[in-house]
Structures are given as structure tokens and as C-alpha cells.
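Below you'll find the structure, written out as C-alpha cells, and then a few comments.
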Amino acid sequence: MLAIPVPFVVSLLLLLLAVTLYVRLASQAKSACLFLALCAATTGLVGLRWTVDMALFSMAQPLLASLIPVAAWLIFTHASPHRLAYLHAAGPIFVAVTLFTHPFLALPLDEIITATYLFYGIALVRYSAKEPLLIHVSFSHWESVKRAEQVAGWMLLFSALIDAAISLDFAVNQGKYSLYILTLAHLVLLPVLAIAVIIVSINTPTVEDIAQPEISELPRAPSSESLLTQDRADEIVARLDKLMREKASYLDPDLTLAALSRKLGIPAKQISMAVNQVHQKSISRVVNEYRIEHAKQALLNTDETITHILMNAGFQTKSNFNREFSRIAGVTPSTFRKQSAAPLR
């Protein structure tokens with residue numbers, strides 16, 4: 001029974017993380033703090049449900065649990081425009097109706113919650129697999145946000161697997177190992193999911209922080225929005241290249257697709273579509289290629305440290321710089337500098 005306190009420990013840690021995050025990044029991490037508080041409350045109720053026999057806990061815990069995948073989905077898709085968010089309340093409302101009508105209808109509550117996690121898990125995995133249109137996320141963070149979305153989707157699927165394992169344990173072993181299965185779930189699921197949510201939240205500006213583009217001044221997208229003509233795509237890419245070379249906009253570490261849209265006077269979606277159509281690459285990778293070219297010149301012509309060079313080139317982390325440099329140049333920055341400095345034979 002040593003596993004019983006684990007949900008309370010995890011709940012306390014999540015709550016402390018939420019408070020710390022709020023103190024340090026109050027406005028930017030507000031959604032992450034709320035999500036952490038939801039996870040902490042859910043985990044705490046799991047512990048209370050297993051230790052105290054109260055109907056209130058038995059009803060509140062599944063209701064809060066049904067909110068977690070919905071909240072995760074809304075936080076992750078906040079990085080991209082989305083509409084009709086209120087429709088996602090349908091799942092938790094259905095769970096609430098199931099709880100209150102259980103004495104009369106006996107609807108399969110566990111199966112409904114498992115299906116909810118499966119639905120949002122698959123949706124997040126599929127969502128992260130698509131080419132993202134993270135309009136207000138800086139290009140430096142596109143890859144980390146995308147990976148966080150993938151991790152969150154798989155964690156929701158993992159939760160559905162845990163629910164299935166618990167149901168199987170009750171069917172076969174009368175719930176003998178359910179406590180340990182649940183403990184494992186809370187040691188792995190919620191902390192990892194919470195970290196993924198934090199990554200997205202701190203890298204996605206709040207509505208108040210977003211400089212609203214002058215939409216009325218931007219040309220409207222063509223009626224056939226799913227496809228650009230090759231001439232139009234080439235024109236957009238040429239204008240983007242001119243902006244990058246003349247203004248060196250890529251040196252801004254906080255550069256976003258929304259900012260490019262304002263600078264070029266072209267809708268963000270058209271810019272992303274044109275770059276994909278012409279270069280067969282995402283806009284973030286193309287921007288990073290300009291940054292890497294700038295870094296190459298600095299490595300060849302200056303004695304600056306690699307850290308100083310990557311910061312001046314528009315990167316914010318060494319890991320991202322090294323990864324992109326190796327992808328584009330085929331070698332690490334230090335190896336590139338050594339090879340370039342080696343005398344020719």
C-alpha cells in the first residue's frame with residue numbers, strides 16, 4: 001500500500017510547479033498554470049477516491065479527468081487559429097450527464113472517458129503530423145512546439161491504454177492491481193503531459209501580447225485558397241527572399257509568421273503555402289536556412305564564439321542551432337569552422 005500516497009505527491013508537485021510558473025511567467029504561462037492546477041486537482045481526487053469512500057469524490061474525479069484532454073487540445077491548438085471551441089464542452093457535459101443519471105441509465109462511464117482520451121489523443125497526433133501554421137509562435141520554437149504536440153497526443157493515448165488495463169484488471173483480478181496501474185499512470189502521464197503543455201504555453205503569446213495585423217490592408221486570399229498558382233507562389237517567395245536579404249529579418253529571434261505577413265502585406269497562410277509549394281519545405285526551415293548561412297559567414301570570417309554567433313544569427317538555443325546547422329551543412333558548427341580553417345593541400 002506504499003503506492004497510495006503517490007497521487008498526493010504528484011498532485012503537490014504539480015501544484016508547486018503551477019505556482020512557480022505563475023510567479024515567474026504570470027501572463028504568458030496562465031493557460032499552463034490552469035492546466036497544471038486541473039491535473040493537480042484530478043490527481044488529488046484520485047488519491048482521495050482510493051482512500052476515502054465518499055460519493056462526491058467518485059463523481060468529481062471522472063468529471064475533472066474528462067476535462068484534461070479537452071484542455072490539452074485547446075491549449076495546443078491555441079498556437080494555430082481555431083473556431084467553434086465551445087463544441088469541445090460536449091464531452092465533459094456528456095460525462096456529467098452520465099454521472100448524474102447513473103442510478104437510472106447506468107451508462108458506461110469508464111468507456112466514455114477512455115473514448116474521450118482516445119479521440120483527443122488521435123486528434124493531437126494527427127494534428128502534430130500536419131505542417132503547422134503557428135502564426136504567432138517564433139520560428140525558433142516551431143519544432144519544439146510540434147514535438148510537444150506529438151508527446152501530448154501519445155500521452156493521451158497512453159492514458160486510454162491505462163484505463164483499458166484497469167478495466168481488464170477488474171474483469172480478471174477484481175481490481176487487485178488497479179492501484180499500482182493507476183500509480184504508474186500518474187507517475188508518467190501527467191508530469192510528461194504537463195511539461196508538454198508548459199512548452200507550448202510559454203512559447204505561444206497571449207492574446208494581449210499579439211500585435212494585431214492590419215487585416216483590412218492585407219490582400220484577400222483567392223477563392224481557391226487550397227492552391228496557389230505557380231506564378232503567385234514564385235512571386236511571394238521572391239518577395240520573401242528580397243525581404244530577408246535586404247532587411248535581414250531572419251536575425252530577429254522572435255520573428256513569427258504573423259510578423260512576416262505584416263511586413264510583406266500577404267496573408268500568413270499564403271506565405272506558408274507558397275514556401276511549401278516552391279521549396280518543398282516549411283517556412284520555419286527556410287528562415288533557419290537564412291540564419292545558418294549568416295552563421296556560416298561569421299564562422300568563416302570572425303573569431304567570435306559559436307554561442308555569440310548563434311545568438312546573432314537569430315537562434316535562441318544551442319541545441320536548435322546545432323541541429324539545424326547539421327541538417328543544412330552536414331557537419332557541426334565547430335567541425336565546419338575547423339574544416340574551413342584547415343590549409344589546402
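Just so it is clear, the model here is predicted, and its values are computed rather than measured.
- Using a 4.5 Å heavy-atom threshold, the side chains of Asp234 and Val278 count as touching.
- Met59 is not connected to Ile93 by any chain of hydrophobic side-chain contacts under 4.5 Å among Ile, Leu, Val, Met, Phe, Trp and Tyr, and they are in different clusters.
- No single ILVMFWY cluster, assembled from side-chain heavy atoms under 4.5 Å apart, contains both Ile162 and Leu168.
- For Arg337 (side chain) and Leu300 (main-chain N/O), no donor-acceptor pair under 3.5 Å exists by modelled atom type.
- Residue Leu63 holds its CG atom at 9.0 Å from OG1 of Thr42, rounded to the nearest 0.5 Å.
- Taking every heavy atom of both residues into account, Ala40 and Ser11 meet most closely at O-OG, 2.6 Å.
- The side-chain heavy atoms of Tyr120 and Ile68, taken from C-beta on, include no pair separated by under 4.5 Å.
- Inter-residue side-chain proximity for Arg285 and Arg327 is flagged as met; some heavy-atom pair is nearer than 4.5 Å.
- The 12-atom threshold is exceeded at CG of Asn301, counting heavy atoms of other residues, nucleotides or ligands nearer than 6.0 Å.
- Neither Val197 nor Val125 shares a network with the other; the hydrophobic side chains, linked directly or stepwise wherever heavy atoms of I, L, V, M, F, W or Y lie under 4.5 Å apart, form separate groups for each.
- For the pair Phe139 and Leu257, the minimum side-chain heavy-atom distance is below 4.5 Å.
- Remark: side-chain polar atoms of Thr20 are paired, donor with acceptor, to backbone N or O of Leu16 under 3.5 angstrom.
- Side-chain contact check for Gln316 and Asp254: at least one donor-acceptor pair (N or O, by modelled atom type) lies under 3.5 Å.
- Inter-residue side-chain proximity for Thr43 and Leu12 is flagged as unmet; no heavy-atom pair is nearer than 4.5 Å.
- More than 12 heavy atoms of other shown residues, nucleotides or ligands fall within 6.0 angstrom of atom CZ in Phe158.
- Of the options Val275, Ile266, Val287, a side-chain contact (heavy atoms from CB on, under 4.5 Å) to Leu240 is made by Val275 and by none of the others.
- The shortest distance between side-chain heavy atoms of Phe8 and Leu48 falls below 4.5 Å.
- Taking all atoms of both residues into account, the shortest heavy-atom contact from Leu118 to Ala160 is CG-CB, 3.6 Å.
- Listed by first and then second residue, the salt bridge (charged side-chain N to carboxylate O under 4.0 Å, His left out) pairs involving residues 288-299 are Lys281-Glu289 (not counting sequence neighbours).
- One finds the CG atom of Leu251 at 8.0 Å from the CG atom of Asn312 (value rounded to the nearest 0.5 Å).
- Here the closest non-hydrogen pair linking Asp169 and Ile181 is CB-CD1, 4.3 Å.
- Listed by chain and residue number, nothing satisfies the ring-ring contact (aromatic ring centres under 6.0 Å, His included) test with Phe35 (two or more places apart in sequence, or in another chain).
- No hydrogens or angles considered: nothing links the side chains of Ser138 and Ser140 as a donor-acceptor pair under 3.5 Å.
- Between the side chains of Tyr290 and Asp241, at least one donor N or O sits under 3.5 Å from an acceptor N or O.
- Side-chain contact check for Leu156 versus Thr116: every heavy-atom pair is 4.5 Å or farther apart.
- Considering only heavy atoms from C-beta on, Ile198 comes within 4.5 Å of Leu17 through its side chain.
- In this model, no donor atom of one side chain and acceptor atom of the other lie less than 3.5 Å apart for Asn320 and Glu324.
- Taking hydrophobic clusters as Ile, Leu, Val, Met, Phe, Trp and Tyr residues chained together by side-chain heavy-atom distances below 4.5 Å, Ile112 shares a cluster with Phe100.
- Salt-bridge formation is detected for the pair Glu235/Arg232: a Lys NZ or Arg NE/NH1/NH2 atom is positioned less than 4.0 Å from an Asp or Glu carboxylate oxygen.
- Leu109 and Tyr117 fall within the same hydrophobic cluster, defined by Ile, Leu, Val, Met, Phe, Trp and Tyr side-chain heavy atoms under 4.5 Å apart, directly or through other members.
- For Tyr127 and Phe76, the distance between ring centers is not under 6.0 angstrom.
- At distances below 3.5 Å, at least one donor-acceptor pair connects side-chain atoms of Trp142 with backbone N or O atoms of Val137.
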